[in-house]
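Here is the structure we will look at.
Being a predicted model, the structure only gives us computed values, none of them experimental. We use all heavy atoms of the structure for the numbers below, so side chains are in, but hydrogens, waters and symmetry mates are not. Residue numbers start from 1 in every chain, and the chains themselves are labelled A, B, ... in the order their sequence lines are given, proteins ahead of strands.
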Amino acid sequence: MTTLTLTHTRFHVLETVRVPMALIGSVFFPAASMLFFVVPFGANDGVAATYATASMATFAIMTSNLFGYGVGVSADRALPWDSYSRTLPAGPGPRFAGRILTGSVMTVASLLPVVLIAALLTDATTTVAGLALGTGAALVAAVPFTLMGLAIGYGMPMKAALAVSQILFFPLAFLGGLMSSPTEAPAFVQTVAPYLPTRGAAELMWAAVTDHSPNPTALLMLGVWTVALAALAVLAYRRDEGRRFR
Amino acid sequence: MTQGINPGEPPETVAQVRNVTRRFGGTVALHGVDLAVGAGEVVGLLGPNGAGKSTLLNLLVGLRRPTSGTVELFGGSPLEPASRRLIGVTPQETGLAPTLRVGECVDYVARHYPNPLPRSEVLARFGLEKLARRQTGGLSGGQQRRLAVALAFVGRPRLVFLDEPTTGLDVEIRHVLWDAIRDFHAEGGTVLLTSHYLDEVEALAQRAVVIDNGRILADDSVDAIRALVGVHRVSLTAATLPPLPNVVATSESDGRIDVLTTDSDELVRALVRSGVAFRDLTTRPTTLEEAFLHITTAASPAVPAASPADRPLTGANA
């Protein structure tokens, strides 16, 4: 990692944390969901609480990446500061790496309260190995949503990016089965969930922290989504480069 | 701050544009443009909005590629970060990161260069010391503009690009920036600046390049351009005109005679002394916009002008 990457990461993080609303979007929402939907209902059932915590962690990963990149990138693109930064003697590498690292920092920030609330206020349990595996699963699960956010951020102007992110996140969470336990979701959710990236991500998280055996269709579809979203993100990035910087 | 010029040798070319055409879809923003900027020059790029100034600057700082032709900075491509290590650029008017503090903006830029100016020196030069801890979003327009111009000098550049550096600023702040630009030039630095204001180019530059419709219409010393632009338009109704001094061009439409002159006072005195009958005499300075129009129509006489008053002037020598 170069010092320029660190510089870009540092200033990206600074810019992000100085706008408290950006933090609220990614930190408060998953934490509040834990308090409202998990703590009152699953507090005395360790297994259910563990599943629900993993679901909320997936939810946090999705929202922080979808909004962080989707809205963040499109807002930056509208600023002359972004163009100015491109005239500084650095290639696109450090800027892009800095952005991804900043996104990771924000994702971790959004996960911490979820894990803390689960540990302190519910009977959710996992082993040290489970926690380590869960961290790894969270990193993998973040990839498709990072790409989804980048595709939106580079593909749309800010207002559209905000609307699309808002329209996407709830159906993705609900239809992916994040709002219900793996077996007790409504029938239509059970039917569509495996085809959504949220379910594949949740299956990974569940498998990491419990003895859940993941649904192969959901995992396969997670791979398909990741490849498709990567293609979309690259396409959006290239189109943006072509439109603004050719 | 920068390397001096060796007297006796022709100055090194620091920025070169060769036969560059740049299209955006169906429109041609630049049309076969050639421009060379030598070390130590201060060049003013003049032109109305949409003339192609910004496109030309964007090509030079590596934000865009030419459709055809070549652009070079210090002999290398502006698209290469290494070529950009010797240049400084200003963000556009309100283009600062609003949540960063003034000192942080300077640090952020400084880290991209091998040997940047110390933060305190940058802030002192542009009168920003007391604002170092302020977020840029909370600065006044003039303060933001000073910081934006300051950022161009952070990396000890040899060539700076200043896009409308003082547009919308009050006189005092304007002169702070002008002094900083003059100091940089005195130390051997090269400047390419765009401006709407002729007086800004007159105050800072030795050479002016007039651009419109994507073509360079005039590229000459500021004195020569000013001689062309610093004219008055005297309009009157008369049957004939005697020979008059300081006339740049004369045209006639609907019985009115328009005379472009470099000295309207002397022209009117001569007219009165000649005893020729005339009426409804008016005189007004040509605006910069008129000067552009004047240069444009002179450059391409086939283009019809918008109104009778702006009809191509016979004998105009652009």
Side-chain angles (χ1 to χ4, degrees), chain A residues 1-25 68 71-99 101-102 105-106 158 237-246, chain B residues 22-25 54-55 57-67 73 76 78-101 104-114 116 135-138 144 147-148 151-152 154-155 157 160-161 163:
Chain A
M1 193 187 304
T2 65
T3 46
L4 268 183
T5 300
L6 281 178
T7 297
H8 281 268
T9 309
R10 186 177 152 232
F11 283 97
H12 252 302
V13 171
L14 267 182
E15 284 180 67
T16 309
V17 300
R18 293 243 172 99
V19 185
M21 284 309 287
L23 282 174
I24 286 170
V71 180
V73 169
S74 64
D76 280 358
R77 285 195 305 124
L79 290 177
W81 183 248
D82 196 55
S83 284
Y84 169 71
S85 283
R86 293 182 65 108
T87 69
L88 296 172
R95 289 176 52 67
F96 204 75
R99 187 182 285 291
L101 282 172
T102 307
V105 169
M106 294 304 289
M158 161 111 172
Y237 182 77
R238 290 241 174 99
R239 265 190 61 208
D240 178 53
E241 286 259 292
R243 195 160 51 236
R244 294 192 304 146
F245 303 115
R246 190 170 45 197
Chain B
R22 170 65 210 194
R23 281 178 232 281
F24 293 102
S54 297
T55 304
L57 279 194
N58 285 341
L59 289 170
L60 281 163
V61 301
L63 282 177
R64 294 187 187 282
R65 296 162 212 268
T67 308
L73 282 180
L79 298 171
E80 294 295 324
S83 307
R84 298 199 300 268
R85 211 161 275 156
L86 296 171
I87 67 165
V89 181
T90 43
Q92 286 165 359
E93 197 164 352
T94 52
L96 299 159
T99 57
L100 291 186
R101 301 184 200 284
E104 288 168 350
C105 275
V106 175
D107 290 347
Y108 170 73
V109 174
R111 285 179 201 200
H112 289 81
Y113 296 91
Q135 291 187 341
T136 67
Q144 290 194 357
L147 175 58
L151 292 181
V154 167
V160 296
F161 295 92
D163 195 0

Reported CG-to-CD distance for the pair A/L14 and B/E104, which is rounded to 0.5 angstrom: 5.0 Å
Structural part of A/L4 lying under 4.5 Å from a heavy atom of chain B: side chain
Minimum-distance pair of heavy atoms, taken over all atoms of B/L96 and B/T136: CB-OG1, 3.7 Å
Heavy-atom pairs under 4.5 Å with chain B, option from A/R18, A/H8, A/E15 with the top count: A/R18
Region of B/L86 in contact with chain A, defined by heavy-atom distances below 4.5 Å: neither
Min side-chain heavy-atom separation A/L88-B/Y108 under 4.5 Å: yes
Contact class of B/S83 relative to chain A, heavy atoms under 4.5 angstrom: neither
Contact leader toward chain A among B/T90, B/V89, B/D107, where contacts are heavy-atom pairs under 4.5 Å: B/V89
Atom group of B/Q135 that falls short of 4.5 Å from chain A, counting heavy atoms: side chain
Between CZ on residue A/R77 and CG on residue A/D240, distance to nearest 0.5 Å: 4.5 Å
Nearest heavy atoms of A/R10 and B/R111, plus distance in Å: NH1-NH2, 3.0 Å
